[in-house]
Undergrad: 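Take a look at this one; I'll ask things after.
In what follows, every heavy atom counts, from backbone to side chain, and hydrogens, waters and symmetry copies are set aside.
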Amino acid sequence: MNIAALLAKTARTLPERPAVSRGEEVTARYGELHQRAGTIAGALRTRHGLAPGDRVAIVMANRPDYLEALFGIWYAGLVAVPVNAKLHPREVEYILGNSGSRLCITDEGHAEGIESVRADVPGLAPPLVAGSDEYRAMLGQDAEGPAAAEPDDPAWLFYTSGTTGRPKGATITHRNLLVMTLSYFADLNRITAADCVLHAAPLSHGSGLYALPFIAKGANNVITESGGFEPAEVLGLIECHPGLSMFAAPTMVVRLLDSPALASAATTNLDLIVYGGGPMYVADVERALSAFGPKLAQIYGQGEAPMTITALSRAYHADSAQPRFRERLGSAGVARTDVEVRVVDEDDRPLPAGESGEICVRGDVVMPGYWENPEATASALKGGWLHTGDVGRFDEEGFLTLLDRAKDMIISGGTNIYPREIEEVLLRDEAVREAAVVGRAHPDWGEEVVAFVVPHDGQSVTAEQLDRLCLESIARFKRPRDYRIVDGLPKNNYGKVLKRTLREELEAEA
């Protein structure tokens with residue numbers, strides 16, 4: 001089944017229900033969203049000459065056009081490649097080239113960046129800019145219904161980075177997305193057409209994935225007027241929209257709690273905050289429960305198993321009389337309904353409760369592999385299980401505790417940042433001999449990036465020149481917030497840099 005059938009079904013039964021809103025204003029009802037997606041699909045096939053299976057990227061900030069573009073791609077039988085709009089154009093160029101995208105739908109703020117790299121991406125057409133004359137003319141074309149699709153056809157290429165620093169395209173199929181949607185109903189919440197979901201996190205990632213269960217039930221997708229996350233704006237929209245749910249990184253929840261606007265905000269309309277994407281301290285969970293009531297659920301997932309490995313449900317957050325309540329709040333919950341989860345040793349042998357090892361998962365929500373990357377696919381799906389690279393342990397009751405993140409990944413503001421990618425940029429400076437990037441605790445963002453840099457003998461390097469180099473090559477949110485120019489890096493007997501020692505030095509300073 002084409003996942004776009006979720007919208008087509010809802011449009012038939014609930015055509016007048018609000019589908020998309022910007023702030024308080026309804027911008028499309030379900031009948032209209034279905035019509036727009038159908039006209040975009042027709043234009044993509046006829047005017048742009050795209051055929052089923054072709055890839056179309058979306059590079060834009062959160063805005064109402066995003067969902068109609070996404071479903072238009074699916075209606076046409078194409079594969080969506082949602083890209084983080086915060087990435088540097090050169091980073092976007094790699095994703096466009098690796099995915100073989102034929103077209104990029106973007107907004108005015110990102111069109112120039114796409115055009116600047118287009119010549120370096122073979123076969124990429126000029127960008128289609130939402131809101132432009134060409135885009136509006138496209139909406140006047142004949143509409144098409146969802147194209148036929150097999151359950152295992154690719155639907156969404158979710159680009160996620162590994163420790164190599166090069167993004168890999170997790171190939172998410174229509175089956176994967178449908179199972180993820182059904183799992184939301186099974187483990188997180190029931191949804192009605194009177195409810196809504198607030199998209200304050202990027203639609204290119206978790207928030208966009210969570211549009212699907214709400215569209216399936218005819219609920220309203222509310223997009224902030226700012227196009228992002230502003231605590232006062234979010235609290236104001238909670239007051240305006242009954243039955244409101246949202247997906248949030250832990251840092252977003254903390255910013256809500258710290259906002260002066262919370263003291264006077266009415267949060268009765270809040271239904272559920274689903275948080276994930278990074279560590280959430282128990283003290284902050286308790287603060288959120290005190291501020292909002294038992295309206296929290298935690299999910300642990302990866303792009304390769306979208307949003308679906310374990311969950312700590314609303315019921316567990318509410319069960320304060322449970323003797324191990326605080327311990328459970330510090331866990332990632334229990335295995336989701338649709339998957340098997342286990343912890344294994346270095347030889348992939350399952351470990352008993354209480355022992356730590358790599359977390360592995362299998363089920364119909366797990367990707368079939370990485371886009372055109374058989375080696376990475378074989379490594380990640382060894383033995384038929386997705387190897388997450390995360391370390392954890394189960395307790396006797398089936399609650400999973402995450403002990404460490406994959407390798408040396410940094411999570412800042414709920415976004416994964418991979419040190420090697422930054423190190424490779426720093427090493428482009430001819431004066432730099434070695435570089436090591438680690439995360440340092442930050443009260444608002446969870447972690448911030450710190451770079452330790454060793455110059456070549458007899459040469460000097462400054463933080464200012466390194467910062468300019470990073471700004472020319474990678475997204476602003478990835479660049480280090482602190483550059484430490486040092487004489488050498490701590491290493492073990494095999495010459496491997498001991499990043500743990502660097503993190504311990506930063507912790508000692510704090």
Undergrad: Any salt bridge linking E448 with R481? Criterion: basic side-chain nitrogen under 4.0 Å from a carboxylate oxygen.
TA: no
Undergrad: Does the ring of Y30 carry K9 above it, NZ/CZ under 6.0 angstrom from centre and within 45° of its axis?
TA: no
Undergrad: Could you state the interatomic distance from OG1 (T377) to CD (E372), rounded to the nearest 0.5 Å?
TA: 10.5 Å
Undergrad: Taking E233 for its side chain and T224 for its backbone only, find out whether a donor-acceptor pair lies under 3.5 Å.
TA: no
Undergrad: Test Y275 against H317 for ring-ring contact (aromatic ring centres under 6.0 Å, His included), laying out the working first.
TA: CA-CA 12 Å; Y275 65 92; H317 282 82; 5.7 Å; yes
Undergrad: Taking the side chain as every heavy atom from C-beta outward, state whether H205 and N84 have any atom pair closer than 4.5 Å.
TA: yes
Undergrad: Under a 4.0 Å threshold between the charged nitrogen and the carboxylate oxygen, would R440 count as salt-bridged to D482?
TA: yes
Undergrad: Is the closest side-chain heavy-atom distance between F185 and I191 below 4.5 Å?
TA: yes
Undergrad: For the pair R136 and D133, find out whether any cationic side-chain nitrogen is under 4.0 Å from an anionic carboxylate oxygen.
TA: yes
Undergrad: Given side chains that start at C-beta, do those of S313 and D187 come closer than 4.5 Å, heavy atoms only?
TA: no
Undergrad: Please list every donor-acceptor pair under 3.5 Å in which a side-chain atom of residues 237-247 meets a protein atom from a residue at least two apart or in another chain.
TA:
unit_1, atom_1, unit_2, atom_2, d
E239, OE2, A266, N, 3.3
H241, NE2, G23, O, 2.9

Undergrad: Can you check side chain to side chain donor-acceptor pair (under 3.5 Å) on Y159 and N98, steps first, answer last?
TA: CA-CA 10 Å; Y159 271 82; N98 182 262; 2.7 Å; yes
Undergrad: Got a donor-acceptor contact below 3.5 angstrom from the T388 side chain to the I359 backbone?
TA: yes
Undergrad: Please determine, by modelled atom types, if N220 and D195 share a side-chain donor-acceptor pair under 3.5 angstrom.
TA: no
Undergrad: Looking at D467 and R479, does any basic side-chain N land under 4.0 Å from a carboxylate oxygen?
TA: yes
Undergrad: So, D338 and R336, do they make that salt bridge, N to O below 4.0 Å?
TA: no
Undergrad: Look up atom NE2 in H88 and atom CD1 in I474, then write down how far apart they are to the nearest 0.5 Å.
TA: 9.0 Å
Undergrad: Is it true that E115 and R118 have a side-chain N and a carboxylate O under 4.0 angstrom from each other?
TA: yes
Undergrad: Between Y66 and H199, does the ring centroid distance fall short of 6.0 Å?
TA: no
Undergrad: Using only atom types and a distance under 3.5 Å, with no angle test, would you say the side chain of E358 pairs donor to acceptor with the backbone of V391?
TA: no
Undergrad: Does H48 use its side chain to pair, donor to acceptor, with the backbone of L50 at less than 3.5 Å?
TA: no
Undergrad: Does a side-chain N-to-carboxylate-O contact under 4.0 Å join E150 and R175?
TA: no
Undergrad: Taking the basic N atoms (NZ, or NE/NH1/NH2) and the acidic carboxylate oxygens, is any pair closer than 4.0 Å for R36 and D65?
TA: no
Undergrad: The criterion is side chain to side chain donor-acceptor pair (under 3.5 Å); which residues satisfy it with D364, sequence neighbours excluded?
TA: none
Undergrad: In terms of relative ring orientation, are F158 and W156 parallel, tilted or perpendicular, with 30° and 60° separating the classes?
TA: parallel
Undergrad: Establish, yes or no, whether a centroid distance under 6.0 Å links the rings of Y184 and F214.
TA: yes
Undergrad: From I172 CD1 over to M367 CE, what is the distance, rounded to the nearest 0.5 angstrom?
TA: 7.5 Å
Undergrad: With a 4.5 Å heavy-atom cut-off, do E144 and R45 have their side chains touching?
TA: yes
Undergrad: Taking E32 first and then R29, would you say they form a salt bridge - that is, a charged N and a carboxylate O separated by under 4.0 Å?
TA: no
Undergrad: Does the side chain of I417 reach to within under 4.5 Å of the side chain of V449, using non-hydrogen atoms?
TA: yes
